[in-house]
Amino acid sequence: MSLHLEHLNPEQLAAVTLPEGHALILAGAGSGKTRVLTTRIAWLLREGSLSPAGVLAVTFTNKAAREMLTRLTAMLAVNPRGMWIGTFHGLCNRMLRAHHQEAGLPRSFQILDSQDQLAAVKRLLRSMNADEDRFPPRDLQYFIMGKKEEGLRAGGVPLTDETTRRNVELYAAYDEQCRREGVVDFAELLLRSYELLSRNEPLREHYRARFRHVLVDEFQDTNRLQYRWLKLLAGPGASLFAVGDDDQSIYAFRGANVGNMADFERDYRIAKVIRLEQNYRSHGNILDAANALIAHNAKRLGKNLWTASGAGEPLRVFEAQSDADEARWMVEEIRALKREGTRLDQIAVLYRSNAQSRVLEHSLFSASLPYRVYGGLRFFERAEVKHALAYLRLMASPADDNAFLRVVNFPTRGIGARSVEGLQDAAKAGGRNLYETALASPGKAAPFVALIEALREECAGLTLAEQVELVVARSGLLTHYKSEREGADRIENLNELVNAAAAFDSEERAAEAGEDMDPLTAFLTHAALEAGEHQAGEGQDALQLMTMHSAKGLEFDAVFVSGLEEGLFPHEQSLLDRDGPEEERRLMYVALTRARQRLYLSFAQTRMLHGQTRYNLPSRFLDEIPQGLLKWLTPRFAEKRKPVSNFTAGSFTRAPKRDPRFGGAPAGTGGAPGAYRIGQNVSHAKFGAGVIVDAEGQGTDARVQVNFGRQGVKWLAVAVAKLQAA
DNA sequence: CTGAGAATGATTTTT
DNA sequence: TCATTCTCAG
């Protein structure tokens, strides 16, 4: 077993070889975090009396868990199978499957993903005759998820106001519905597992005795419940080893609590936090920029990245006339990079929101540059795949009303809304699930029930893949999509589902589900917990397009950080939140630290958003990077903001209609000299630099709306405000 | 049940 | 702008 400890730097080595006890590792971007985590496990196994069964390592994504397992397999002589390595959800699922009885769950409980959960919430609201307009299903879903992630059941939520009281009532009803139907949502996996451990002492002691070392990756992303789960599981004799980077905490909006890091330090009396600050990824200028930027955040544990490699190139900055102009420029730069020998899959274009990819895709398509967009629907989330899975779920778990309703009339078989409502009423009256009800008095649903019954019988003795194949064919899904114009892709996905089942059958089953679980339930669990790839075509040499969020954990030779405009990035919505601006800055930090050698920053004066032209100011983040690190490819905006002359109050002209041939830039036919023009840069004594975004009124009543970026968007009376052209 | 047209609303996202 | 979701006529 070769750990290559000699290749570790002193801090990495210190982290890897820490004696028993709790530890907090502050691991900067590109500092070899995964390596430390895996080498630590290997070292513990080699040095101590620890056996693989004593290790529990938890990550957030399946990808990270796989990566860890792969590296360990390469490093170790022992079979890593005995370890518990997985995501929070995967490990909780594993525990709940093993103790489903103690946890109060049916053997083949099904897992609701967010889509399923929303459907369940909608159905609940309808069955309780709730006013969907006053109580949007999404809000309730968010409420329930949030409370569960705080570790609260309906009974434990303080009733602060009328809305909360109502939500709590619905939360309780939702949990009851889930119980009846034998399903659990994502947050429930964690909460149920937590409750099981806290309630059941023998079980808790069993696991505590077993897991001597608990290791957590991306600790800054844990929510309150996850931290409590860890604390419960890591008993008095165990060591909790947490690795994280508070500067890369970008998921507060979905419940992550960076505060867990400081809490951990205090709760476990961590004497010395180990900082991994040597970066093995980026050139010096990139790190200097990132360090300077993140220094603007007040709430930090503190850390400064450095590199032993050289300063490298300056960061290139481009100011575009418009979003289309920005895209054209990127295409040119990418072509140049390609000519110089950079592979396309080593170049990433990052943006704040998915909507920004459209213009870019348009340009790339015209330029015939192959690209791959991350985001969007994943394999197991596609409608046709979910339909097929619903049939399978109903076979495995007839109480699953969600699954029943999804496919009872898909493909259509004459069971309309009427019949379904009748069934739902009868089910409610009889206190039974829909499938049982339909089985007892079939009515219009007779063909459907007969189909499911027949499928169940015919599946006996078949392999998993054969079962899936049979269901896809006999359900009528294949026929249905064959007759559809755009059905080819969907049919391909259904075939792919059969392949996935075959692959799962042979390889993954034992690993994921464990011992005595039936293959079908194991596969359905796999589908729920691992939504699969976003898009096929991985491994082809294509440009990588993604949000800055999805880029976390990745690295590229060259990175474009686009749309650096106030309102877009930092996003205007984020400014409403108290901690929003700091989280946006951390996101920028993540974006910058993705680049190995070359980093481009760009922004546009004009951008199409929601069907409207927006005039944004350059992002504050550009000001927060030392100018000496930047190389402006266009004149630096600050230099152009010299006052020319005072405007005279009175006239303005609407910006002339933009000509698409000029990339949406003002066509330059402006109004009279001294007139206000929409899109005009101005400056104000108090608010500073701004852009005119709208105007109204005439003469002395004339008012203009000016976007002052971080100072906000304001209407100003032209006669009063002394605006200067800038 | 289907398709057309209206209404709606639009950061970020893994499990 | 544009994709999704809803409503209503046929």
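In what follows, every chain begins at residue 1, and chains take the letters A, B, ... in the order their sequences are listed.
In terms of phosphate contacts, A/Asn223 brings no side-chain nitrogen or oxygen within less than 4.0 Å of OP1 or OP2 of B/dT15. Distances shorter than 4.0 Å separate none of the side-chain N or O atoms of A/Arg413 from OP1 or OP2 on B/dC1. Residue A/Ser353 places no side-chain N or O under 4.0 Å from the OP1 or OP2 atom of B/dA10. One finds no side-chain N or O of A/Arg254 lying less than 4.0 angstrom from the OP1 or OP2 phosphate oxygen of B/dT15. Remark: A/Ser574 is not in phosphate contact with B/dT12, judged by side-chain N or O atoms under 4.0 Å from OP1 or OP2. Remark: A/Asn62 is in phosphate contact with B/dT15, judged by side-chain N or O atoms under 4.0 Å from OP1 or OP2.
Distance OH (A/Tyr374) to P (B/dT12): 18 Å, rounded to an integer number of Å. As rounded to whole Å, 17 Å separates atom P of B/dG9 from atom CG of A/Leu609. Atom CG of A/Leu118 is separated from atom C1' of B/dT14 by 17 Å (rounded to the nearest Å). As a whole-Å value, the separation of A/Leu189 CG from B/dT14 C1' is 13 Å. Counting to the nearest Å, the P atom of B/dT13 and the CD atom of A/Glu149 are 17 Å from each other. One interatomic measurement links the two molecules: CD of A/Gln141 to P of B/dT13, which rounds to 16 Å at whole-angstrom precision. The distance from atom CG of A/Leu529 to atom C1' of B/dT15 is 7 Å, rounded to the nearest whole Å. Separating the CZ atom of A/Arg192 from the C1' atom of B/dT15 is a distance of 17 Å, rounded to the nearest angstrom.
The side chain of A/Arg358 lies closest to C/dC2, out of B/dT11, B/dT15, C/dC2. You'll find that the side chain of A/Lys122 is closest to C/dC6, out of B/dT13, C/dC6, B/dT15. Which of B/dT11, B/dT15, B/dT13 sits closest to the side chain of A/Gln573 comes down to B/dT11. If you check B/dT14, B/dC1, B/dT13 against the side chain of A/Asn409, the one that comes closest is B/dC1. Here the nucleotide nearest the side chain of A/Thr412, chosen from B/dT15, B/dT13, B/dC1, is B/dC1. Closest to the side chain of A/Met608, out of C/dT1, B/dT15, B/dT11, is C/dT1. Taking the side chain of A/Arg352 as heavy atoms from C-beta on, and the options B/dT12, B/dT13, B/dT15, the nearest nucleotide is B/dT12. Residue A/His89 has its side chain nearest to B/dT15 when only C/dT1, B/dT15, B/dT11 are considered.
A donor-acceptor contact under 3.5 Å is not formed by the side chain of A/Thr87 with the base of B/dT14.
Residue A/Gln177 forms a side chain to side chain contact (heavy atoms under 4.5 Å, CB included) with just one option from A/Val183, A/Asn402, A/Leu124, and that option is A/Leu124. Paired with A/Glu584 under the rule side chain to side chain donor-acceptor pair (under 3.5 Å), one option of A/His571, A/Arg620, A/Arg352 passes, and it is A/Arg352.
Within 4.0 Å of A/Phe60, counting heavy atoms only, lie sugar-phosphate atoms of the nucleic acid but no base atom. Counting non-hydrogen atoms under 4.0 angstrom, A/Asp113 reaches nothing in the nucleic acid. Among the atoms of the strands shown, none is found under 4.0 Å from any heavy atom of A/Phe569. A/Glu584 comes within 4.0 angstrom of a nucleotide base, judged by non-hydrogen atoms across all strands. Across all strands, A/Ser114 comes closer than 4.0 Å to base atoms (heavy-atom distances).
Aromatic ring centres of A/Phe109 and A/His100: separated by at least 6.0 Å. Checked against a 6.0 Å centroid threshold, the rings of A/Tyr227 and A/Phe219 count as neighbours.
Both thresholds, 5.5 Å between centres and 30° between ring planes, are met by A/His571 relative to the base of B/dT11, so the two rings are stacked. By the stacking rule of 5.5 Å between ring centres and under 30° between planes, A/Phe253 stacks on the base of B/dT12.
Mapped onto DNA chain B by nearest heavy atom, A/Tyr251 and A/Gly611 fall at different nucleotides, with A/Gly611 at the one closer to the 5' end.
A cation-pi geometry, defined here as NZ or CZ lying under 6.0 Å from the six-membered ring centre and within 45° of its normal, holds between A/Arg372 and A/Tyr374.
Scanning both residues, A/Arg586 and A/Asp246, for their nearest heavy atoms gives CD-O, 3.2 Å. Across all non-hydrogen atoms, the minimal contact from A/Gly151 to A/Leu191 is CA-CD1, 3.9 Å.
Taking atom C1' in both B/dT11 and C/dC6, the straight-line distance is 25 Å, to the nearest Å. For B/dT12 and C/dT5, the C1' atoms lie 23 Å apart once the distance is rounded to whole Å.
Other residues, nucleotides and ligands place more than 12 heavy atoms under 6.0 Å from the NZ atom of A/Lys231.
In this structure B/dT11 sits in the syn conformation; its chi angle is within 90° of 0.
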